[in-house]
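Beneath this line is the structure, given in structure tokens, with notes to follow.
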Amino acid sequence: MNGDFPWLTVMAALPFVGGLVVAALPAGKRVLAKNTALAVTLAELVLAIIVTVKFSPDGDRFQFTESYAWIKSFGVHWSLGVDGIGLVLILLTAALMPILVLASWHDADTPQVSASGEAPSGKAAPRSTHAFFALMLMVEAMVVVSFAATDIFVFYIFFEAMLIPMYFLIGGFGGAQRSYAAVKFLLYNLLGGLVMLAAVVALYVVTANHDLGGTGQGTFDLVRISQAVATGELDMNPTAEKAMFLGFMFAFAIKAPLWPFHTWLPDTMTEATPGVAVLVTAMVDKVGTFAMLRFCLEIFPDASKTFAPVIVTLAVIGIIYGALLAVGQTDIKRLIAYTSISHFGFIIMGIFAMTTQGHSGATLYMINHGFSTAALLLIAGFLISRRGSKTIADFGGVQKVAPVLAGTFLVAGLATLSLPGLAPFVSEFLVLVGTYSRYEAAGLFATVGIILAALYVLVLYQRTMTGPVKAGVEKIRDLNVRELVVVAPLMAVLLVLGVYPKPILDVVNPAVEETMSQVERTDPKPSNPIVPAAQPLAAETHGGSK
Amino acid sequence: MNPANYLFLSALLFTIGAAGVLLRRNAIVVFMCVELMLNATNLAFVTFARMHGNYDGQIIAFFTMVVAAAEVVVGLSIIIAIFRSRRTASVDDANLMKW
Amino acid sequence: MTQTSVSSVYLASTEGGAGMHSVAASGVFSATWLVIGLPLLGAAVLLLGGRRTNRFGHWLGTLFALGSFAVAAALFAAMLGESGADRSIDQHLWNWVAVGDFQAEIGLHLDQLSMVFVLLITGVGSLIHIYSIGYMEHDENRRRFFAYLNLFLASMLLLVLANNYLLLYVGWEGVGLASYLLIGFWQHKPSAATAAKKAFIMNRVGDFGLAVAIFLMFTAFGTFSFDEVLGGSAAASDGTMTAIGLMLLLAACGKSAQFPLQAWLGDAMEGPTPVSALIHAATMVTAGVYLITRSAEIFNASPDAQLVVTIVGAITVLFGAIVGCAKDDIKKALAASTMSQIGYMILAAGLGPIGYAFAIMHLVTHGFFKAGLFLGAGSVMHGMNDEVDMRRYGGLRKYMPVTFVTFGLGYLAIIGFPLLSGFFSKDKIIEAAFAKGGTTGYVLGSVTLVAAALTAYYMTRVMLMTFFGRERWKEAPVGAPADWHEPHPHESPVSMTLPMIVLAFGSVFAGGLFVLNDAFVNWLTPVTGFSHGELPFSVWVVTGMATAMVALGVAVAYVQYARREVPAVAPQGSLVTVAARKDLYQDSINEGLVMRPGQYLTRLLVWLDGRGIDGFVGGLAAFIGGTSSRVRKVQTGFVRSYALSMFGGTAVVVAATLMARMA
């Protein structure tokens with residue numbers, strides 16, 4: 001149907017090769033490196049659009065499938081394929097990358113702040129720009145593979161390998177505490193990954209015991225395993241299933257991040273450059289939530305159902321906790337990091353509510369959160385780089401001197417607080433409705449989050465943008481053309497998806513139905529569905545005369 | 001002759017070698033004691049080969065000799081290097097290889 | 001429409017109500033979307049156009065508002081040509097969100113109720129656009145102001161034209177956003193920025209209620225479109241209906257500044273005066289009344305929820321009136337009055353079918369006179385160097401005759417001077433309250449009567465302090481800055497007085513027109529239903545009592561503020577006055593109950609996140625690091641100690657193996 005052209009492998013290879021090319025460019029040619037990176041990401045976006053157009057929502061679940069034997073003795077295949085959920089996330093990645101490259105244009109040109117916090121001096125390393133953009137492209141390649149992998153082993157490899165370029169991106173560029181943040185990021189995620197590795201091995205053993213791979217072998221093929229689970233061919237020991245579920249979930253919960261595994265995120269986002277921070281929250285972390293939906297629910301439906309109430313509870317705590325902590329922050333980037341923790345709570349809650357609204361909402365949420373956080377963080381980054389400080393108290397009255405910057409920041413903030421009419425509202429409402437229809441209390445508590453969201457966004461806006469112009473702020477320039485080019489598409493997407501999310505939902509919904517049937521869950525039915533012949537109201541409204 | 005006697009001899013040699021490694025300070029002597037231990041095990045291997053009536057032990061003995069020869073080359077050169085720089089061959093004077 | 005049969009059954013059994021029988025939009029009605037589209041386009045052009053549109057932005061904005069009004073008028077004319085059930089029109093625009101059973105469309109519903117609102121919003125909206133051309137003339141950001149006004153119009157129209165609760169929610173928060181932007185329009189003033197934030201956040205508390213109400217509808221009915229929910233509401237259990245009703249009430253409380261979410265309205269007066277007139281008097285704050293009236297079937301099915309609605313209304317009527325009596329800031333006095341008047345409407349809406357039509361009627365007449373009063377206040381401020389303290393006014397009638405006359409007519413209308421608008425609409429509410437019957441009826445009736453007296457008192461006070469008495473503005477205020485100079489009160493330009501005159505006409509005649517042949521009630525009955533209540537005594541008794549109360553209020557105010565000198569500095573006053581001046585301690589209560597604990601909680605959590613969760617992780621890392629730094633001491637670097645440990649280890653292993661063999 002899609003021909004035999006290996007679209008997904010090409011999509012994975014393009015940024016990878018592009019990254020190598022950028023890294024190999026002669027030292028000193030910074031502009032060439034940037035332009036090459038931009039061209040690669042744009043080409044990737046074109047590929048993503050082609051794939052999206054060729055994808056048929058009513059067709060097979062996994063499309064563009066390709067499979068090549070890789071490690072025969074363990075039945076590992078280079079298997080790629082996308083369903084609606086994976087597709088939209090790849091599209092998100094491909095769409096955000098050119099924006100990030102543009103937004104990070106000068107981030108790696110200047111020497112980085114030293115660990116003691118002294119102002120940078122001297123010149124940047126001759127290849128720092130090359131390294132920065134090459135690493136970003138590597139991350140893009142790995143994220144794409146993670147979203148497209150239908151082989152658990154391949155997924156695992158790339159899920160973990162992503163840490164390497166991320167480590168260097170965080171540790172090499174950004175604030176004074178960046179190496180601390182990078183190590184923390186690495187250790188947290190490595191720990192999760194190792195636990196997951198144990199679960200992956202265990203899963204292989206279990207499949208081998210059931211002879212899923214044929215001739216006594218196990219398999220890593222997701223489709224094969226989930227079919228076997230659905231048909232009862234693979235009936236796991238409940239204890240073993242729970243243990244493996246927790247192994248997978250642990251890694252994804254750290255990546256996502258779910259409360260209480262979240263503390264690496266604020267440090268990372270505060271210290272990393274804005275572009276890298278977006279890379280972390282908008283894409284890399286999405287691999288975690290995506291994997292919950294893809295692997296935890298598909299392979300361990302029973303365990304997922306068992307643990308759903310616990311995870312939903314943690315998610316709700318995360319929503320409220322993240323929001324409250326955001327209110328209490330004094331650092332702009334740290335504040336945004338905590339808002340993300342709150343938002344990831346929504347996503348995870350939607351996934352484990354196990355309703356169609358929850359799942360579609362969570363998937364849409366991943367997309368919308370990607371765009372809204374990107375907008376908020378990048379504009380905050382522009383602001384911070386102008387003032388040279390990320391402390392909220394150093395700002396005030398920016399609206400007066402840089403109205404466009406303030407205006408776009410407000411729009412991004414309003415998207416973050418899920419203002420109806422902007423994209424995140426649709427997804428947040430779907431998640432809340434989906435959760436409420438199964439877990440009323442969780443839905444109610446989570447809805448309190450919308451009040452807190454208004455609080456943290458508006459407090460941030462008020463303290464930075466309004467009021468009298470503070471000393472040090474008066475010289476802040478408004479957005480320049482490059483920055484406008486960065487911000488404008490984000491604003492447009494937030495607006496359009498707010499009133500017309502149908503294109504995304506049309507692609508996502510069929511995939512969600514598959515997942516729902518895999519976990520054998522159906523939506524709760526309305527308690528009083530509208531019946532054609534409703535009773536008329538009591539006649540008490542017939543009054544007498546005056 | 002009872003092959004077990006060779007084993008007793010091997011054990012004796014090994015013990016002498018071990019005691020030498022632990023008690024002597026001169027690097028060269030320590031080194032010789034290590035060689036003594038290796039040869040003691042070789043003797044044991046060959047004896048076992050004889051007792052079991054196959055060649056496995058003899059083959060292992062050849063491996064050991066090759067390894068020992070390689071070790072002598074590397075080890076002696078290290079000792080000489082240390083002696084040249086420090087004018088001493090006492091093992092208690094060199095403790096750089098720590099944490 | 002699948003719902004046709006339900007509605008017709010329903011219609012047959014009651015006198016109107018459940019007006020969700022709709023026809024698809026055709027002819028003129030297919031232009032319904034333009035009502036929203038025009039101002040939305042205006043906002044987009046003005047915001048995206050940037051400085052290029054500075055020169056003509058205000059004209060463009062006004063033009064779009066007027067265009068919207070023209071479309072609305074055409075729709076109204078067309079609707080008059082239709083009869084009965086055909087006056088309810090649905091226009092489907094596009095499918096918005098569709099996931100499983102969750103089906104939300106972008107669709108409009110125009111019926112008699114929304115028509116009233118559309119005319120009020122576009123009409124008063126257009127007038128206020130015109131007024132703002134003059135009022136904001138010297139503001140460098142005038143274009144942005146008009147963009148926000150247009151955005152507000154679009155959101156408010158979406159709110160009243162949506163055909164399902166989710167889309168209504170979009171309009172609901174949209175007006176909240178516009179209100180936020182406009183209250184904080186002078187962002188450089190910290191007080192304005194704070195007030196804007198406060199308004200938005202308190203509104204969000206109400207929005208929580210609306211969101212939960214939609215959840216409840218979805219879980220109970222599987223839908224949240226008006227025609228299905230309102231048609232099927234009789235099928236749900238009482239508990240569900242009460243829950244939905246209370247959640248809707250919470251939403252209404254937030255938006256309409258009703259107790260206990262009333263605290264933001266007074267501060268919202270930080271916005272430019274046209275904003276106060278349009279958003280915080282005539283239209284947005286009445287959205288709560290619209291919501292309750294629109295959801296009539298839900299409230300009709302739940303007497304408990306209705307009772308709570310009337311209680312909230314009654315409390316707010318008195319609350320606003322009491323606060324209004326003590327305020328010296330003219331805008332804040334009017335804001336308190338708005339709160340109180342909306343309390344009337346909410347109370348009436350809580351009475352059920354005997355009150356809905358009157359709630360809306362009062363809403364419309366209030367829209368006229370309160371907008372007129374605010375514009376008058378703005379005109380006064382315009383001529384008085386933006387002074388808002390009424391103690392610094394006095395005797396202004398000579399200097400601003402047009403303002404004085406229009407303001408005066410609005411004043412007479414609001415206190416319920418016989419035969420003016422407020423007289424008819426307020427009287428009907430008082431009647432309906434008594435007609436509720438039983439103790440409740442008497443309590444509610446008395447509350448409305450007392451509030452009528454208080455209204456007369458505080459409005460007379462405003463009138464006297466502003467336009468009569470000694471010209472107190474001629475003296476320098478206590479602690480005046482060195483550059484203080486005497487204001488030169490003058491009449492405002494035509495662009496400002498013209499809207500005031502139009503609104504004054506409305507204040508005078510609207511009420512009379514509405515009650516003529518019960519025109520207004522008959523118009524709304526197909527949507528809201530209507531039933532006559534049983535008054536415990538003659539109508540004339542109620543009218544007489546109400547008029548007497550008004551006279552009493554006016555008289556007391558006259559004695560206090562016309563016969564006696566108005567002190568330039570507010571006297572100490574009684575305990576009640578002090579409390580009322582501080583808005584009955586609403587801010588202190590909110591602070592003590594919510595803000596402070598919230599701040600402590602936040603601080604505690606920030607501390608815990610660092611010391612607790614991160615501390616645990618850090619502690620674990622430190623433990624591992626510490627242990628390894630101790631253990632590494634074993635590596636001495638001495639060859640012989642390594643050799644010894646090797647021999648020791650081997651000996652242990654051999655010994656263990658031998659023991660295992662022997663055991």
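Residue numbering restarts at 1 for every chain, and letters A, B, ... go by the order of the sequence lines. All heavy atoms count here, side chains included; hydrogens, waters and symmetry mates do not. Because the structure is a prediction, the values reported are computed rather than measured.
In this structure, CZ in C:Phe215 is found 4.0 Å from CG in A:Leu432, a value given to the nearest 0.5 Å.
For the pair C:Asp614/A:Asp267, a side-chain contact is recorded, criterion being any heavy-atom separation below 4.5 Å from C-beta on. Counting heavy atoms from C-beta on, the side chains of A:Ser418 and C:Glu173 never come closer than 4.5 Å.
Neither the backbone nor the side chain of A:Met516 comes within less than 4.5 Å of any heavy atom in chain C. The part of A:Val426 that comes within reach of chain C is its side chain, from C-beta onward, which places non-hydrogen atoms under 4.5 angstrom from that chain. Heavy atoms closer than 4.5 Å to chain C are found in both the backbone and the side chain of A:Lys525. Using a 4.5 Å cut-off between heavy atoms, A:Leu187 does not touch chain C at all. Within the 4.5 angstrom heavy-atom criterion, only side-chain atoms of A:Pro403, from C-beta onward, approach chain C.
Checked by atom type and distance alone, the side chain of C:Gln187 never pairs as donor or acceptor with a backbone atom of A:Gln399 at under 3.5 Å. Looking at C:Arg204, its side chain does come within 3.5 Å of a backbone N or O of A:Ile450 through a donor-acceptor pair.
Within residues 499-509 of chain A, the residues having any heavy atom under 4.5 Å from a heavy atom of chain C are, by residue number, A:Val499, A:Tyr500, A:Pro501, A:Lys502, A:Leu505, A:Asn509.
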TODO: Apply the test ring pair (Phe, Tyr, Trp, His ring centres under 6.0 Å) to residues A:Phe429 and C:Phe218: give CA-CA distance (whole Å), side-chain angles for both, the deciding distance (0.1 Å), then the verdict.
DONE: CA-CA 12 Å; A:Phe429 206 88; C:Phe218 181 72; 9.2 Å; no
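Here the closest heavy-atom approach between residue C:Val205 and residue A:Ile451 is recorded as CA-CD1, 3.8 Å.
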